[in-house]
> 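Next up is a structure, given as structure tokens.
Labels below follow one simple rule: chain letters A, B, ... track the order of the sequence lines, proteins then strands, and each chain is numbered from 1.
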Protein chains: 2
Amino acid sequence: MPVAKGSTIDPERTRATILEAATPVLYERGLDGIGVAELCARIGVSKETLYRHFGTKDALVEAVLEVRSDRVVSWLASAVAAAGEEPADQLGAVFDVLQKWYDEPVFRGCAMLNAAAQHHVEAVRAITARHLGRYLELLTGIASRAGAADPHVLGRQLLMLVEGATVVAAHQDAVGAGEHARRAALTLLSAVRTSLEA
Amino acid sequence: MPVAKGSTIDPERTRATILEAATPVLYERGLDGIGVAELCARIGVSKETLYRHFGTKDALVEAVLEVRSDRVVSWLASAVAAAGEEPADQLGAVFDVLQKWYDEPVFRGCAMLNAAAQHHVEAVRAITARHLGRYLELLTGIASRAGAADPHVLGRQLLMLVEGATVVAAHQDAVGAGEHARRAALTLLSAVRTSLEA
DNA sequence: CAAAGATCGAACCGATCGGTACGATCTCAG
DNA sequence: CTGAGATCGTACCGATCGGTTCGATCTTTG
């Protein structure tokens with residue numbers, strides 16, 4: 001719904017609607033690939049409204065990225081939490097979620113990395129870095145519970161597989177990318193365990 | 001040298017000079033982060049000259065990316081060739097080269113991926129895909145010589161580590177990224193061998 | 001009903017963009 | 001020496017950009 005005509009009913013609701021509608025459009029078209037005018041038309045909101053809520057296109061972009069980062073991370077975290085106690089199962093759940101994402105028709109790679117590559121603005125780079133940091137935290141936790149000698153290093157290697165799989169799926173071939181990355185990740189995980197048991 | 005004033009001495013030389021000078025500028029500033037006017041000023045060439053040689057900014061960009069892809073791949077291939085016969089050594093050489101790249105002050109991630117994220121043009125995406133394909137070929141070759149049961153899958157997993165390491169180095173922390181990726185890659189390689197010997 | 005304020009649509013602004021045109025200058029081939 | 005053509009610097013073009021402003025419309029508050 002294109003936001004009620006005039007309404008004090010919720011100063012906050014309009015902002016949320018804009019954020020929600022702008023997210024997929026900016027992802028598909030690219031941050032600089034669509035102008036504010038066309039963006040507003042797609043969202044169904046006037047430029048004045050958008051600018052009163054966000055002040056700047058950059059500010060809107062940053063807000064969109066923040067929300068997206070939060071959502072992605074919590075989505076993955078809940079998938080991990082639902083996978084039981086076994087670290088291997090938790091790790092598998094991560095790549096299952098990723099493969100589902102790769103198979104979506106609108107999949108165009110990691111929104112954070114795309115944004116950082118597109119918009120040479122410090123704030124955007126900071127959001128991307130923070131996003132990767134959260135990702136790393138999640139994976140380091142799994143590595144730690146798996147009994148890795150150096151969970152930070154293993155977590156980082158797992159992060160590389162996650163981001164690498166996303167890159168390969170986006171730019172080369174999505175078929176089996178999540179599955180192949182999952183097998184590699186499990187190999188790394190079990191290698192750690194093997195060396196511990198030895 | 002900013003190209004001789006008037007000269008028929010080499011219609012081809014000017015083109016090469018432009019390509020060479022434009023490459024780092026477009027990488028640092030982003031494909032759309034610099035206008036043709038400023039780009040020409042940096043290169044030391046007039047707009048008319050640039051447009052006679054390339055016709056379009058997009059065409060220049062594509063030419064730059066092609067050259068860069070060729071150079072990167074051949075650079076890696078020669079590093080592999082110089083690393084001897086052992087697949088493990090060849091793989092290690094790849095990540096050593098990558099770490100050197102990550103440590104360069106101008107490092108800003110994979111130019112091909114950045115370009116594909118920035119410029120929503122089919123031709124650029126095609127160049128990026130081809131670039132990843134060449135990369136995959138190189139790594140699949142190593143996987144094959146290592147006796148992998150399915151060298152195509154292992155090569156893909158190695159490609160994920162390569163691209164993932166580049167992403168992590170660019171957006172999170174370059175320190176040790178190549179080293180950590182190398183250890184993960186060698187683990188995958190030896191896991192294949194172990195399962196073969198079993 | 002009246003005032004406050006959120007929204008719309010459209011006009012408008014200055015800046016920048018990719019690309020073109022032009023006259024002048026220089027180099028080389030004949 | 002002369003003409004072809006590569007280059008320069010600059011001015012110029014239409015389009016688009018991010019952002020502002022304004023009058024009209026609607027909803028809520030009091």
> So which atom in His53(B) and which in Arg15(B) form the shortest heavy-atom distance, rounded to 0.1 Å?
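Reported closest heavy-atom pair: O-NH1, 3.2 Å.
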> Quick check: closest heavy atoms across Ala117(B) and Ala117(A), and the distance to 0.1 Å?
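Where Ala117(B) meets Ala117(A) most closely, the heavy atoms are CB-CB, 3.8 Å.
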> Between atom CD1 in Ile34(A) and atom C1' in dC17(D), what is the gap in whole Å?
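Roughly 13 Å, once rounded to whole Å.
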> Does atom CD of Glu137(A) have more than 12 heavy-atom neighbours from other groups under 6.0 Å away?
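Open: at most 12 neighbouring heavy atoms sit under 6.0 Å from CD of Glu137(A).
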> dT20(D), dA6(D), dG19(C): which one has an atom nearest the side-chain heavy atoms of Thr56(B)?
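Nearest to the side-chain atoms of Thr56(B), counting from C-beta on, is dG19(C).
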> Return the minimal non-hydrogen interatomic distance between Gly155(A) and Ala143(A), and the atom names on each side.
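For Gly155(A) and Ala143(A), the tightest heavy-atom pair comes out as N-CB, 4.0 Å.
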> On the nucleotide dA6(D), are OP1 or OP2 found under 4.0 Å from the side-chain N or O atoms that His53(B) carries?
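The answer is no; no side-chain N or O of His53(B) sits under 4.0 Å from OP1 or OP2.
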> Is atom CZ of Arg125(B) surrounded by more than 12 heavy atoms (other residues, nucleotides or ligands) closer than 6.0 Å?
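No, not enclosed.
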> I want to check one thing: is the phosphate of dA6(C), taken as OP1 and OP2, less than 4.0 Å away from some side-chain N or O of Thr14(A)?
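No, outside the criterion.
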> Whole angstroms only, please: what is the OH-C1' distance between Tyr51(A) and dT7(C)?
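Going from Tyr51(A) (OH) to dT7(C) (C1'), I get 17 Å.
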> Reading nucleotides 10-16 of chain D 5' to 3', which nucleotides get B (base under 4.0 Å from a protein heavy atom), which S (sugar-phosphate only), which -?
-------
> Please tabulate, one pair per line, all N/O donor-acceptor pairs under 3.5 Å involving side-chain atoms of residues 164-185 of chain B, not counting sequence neighbours.
from: Thr166(B); atom 1: OG1; to: Tyr102(B); atom 2: OH; distance (Å): 2.8
from: Thr166(B); atom 1: OG1; to: Val162(B); atom 2: O; distance (Å): 2.9
from: Asp173(B); atom 1: OD1; to: Val175(B); atom 2: N; distance (Å): 3.1
from: Glu179(B); atom 1: OE1; to: Arg182(B); atom 2: NH1; distance (Å): 2.6
from: Glu179(B); atom 1: OE2; to: Arg183(B); atom 2: NH1; distance (Å): 3.2
from: His180(B); atom 1: ND1; to: Arg156(A); atom 2: NH1; distance (Å): 2.9
from: His180(B); atom 1: ND1; to: Gly176(B); atom 2: O; distance (Å): 3.2

> Round to the nearest Å and state the distance from Leu39(A) atom CG to dC17(D) atom P.
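Distance check: Leu39(A) CG to dC17(D) P gives 11 Å.
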> What's the closest nucleotide to the Arg52(A) side chain, out of dA6(D), dA6(C), dG18(C)?
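Nucleotide nearest to Arg52(A)'s side chain: dA6(C).
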> Among Leu188(A), Leu161(A), Leu158(A), find the one that has a side-chain contact (heavy atoms from CB on, under 4.5 Å) with Leu91(A).
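Exactly one pass, corresponding to Leu158(A).
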> From CD1 of Ile43(A) over to C1' of dG9(C), roughly how many Å is that when rounded to an integer?
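In whole Å, dG9(C) C1' and Ile43(A) CD1 are 16 Å from each other.
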> In this structure, how many angstroms lie between the C1' atom of dC17(C) and the CG atom of Asp58(B), rounded?
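In whole Å, dC17(C) C1' and Asp58(B) CG are 13 Å from each other.
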> Output the rounded distance in Å from CZ (Arg15(B)) to P (dG5(D)).
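Rounding to the nearest Å, CZ of Arg15(B) and P of dG5(D) are 20 Å apart.
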> Distance check needed: dC17(D) P versus Asp32(B) CG, whole Å only.
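About 12 Å, once rounded to whole Å.
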> Between P on dC26(D) and CZ on Arg13(A), what's the gap in Å once rounded to a whole number?
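In whole Å, dC26(D) P and Arg13(A) CZ are 23 Å from each other.
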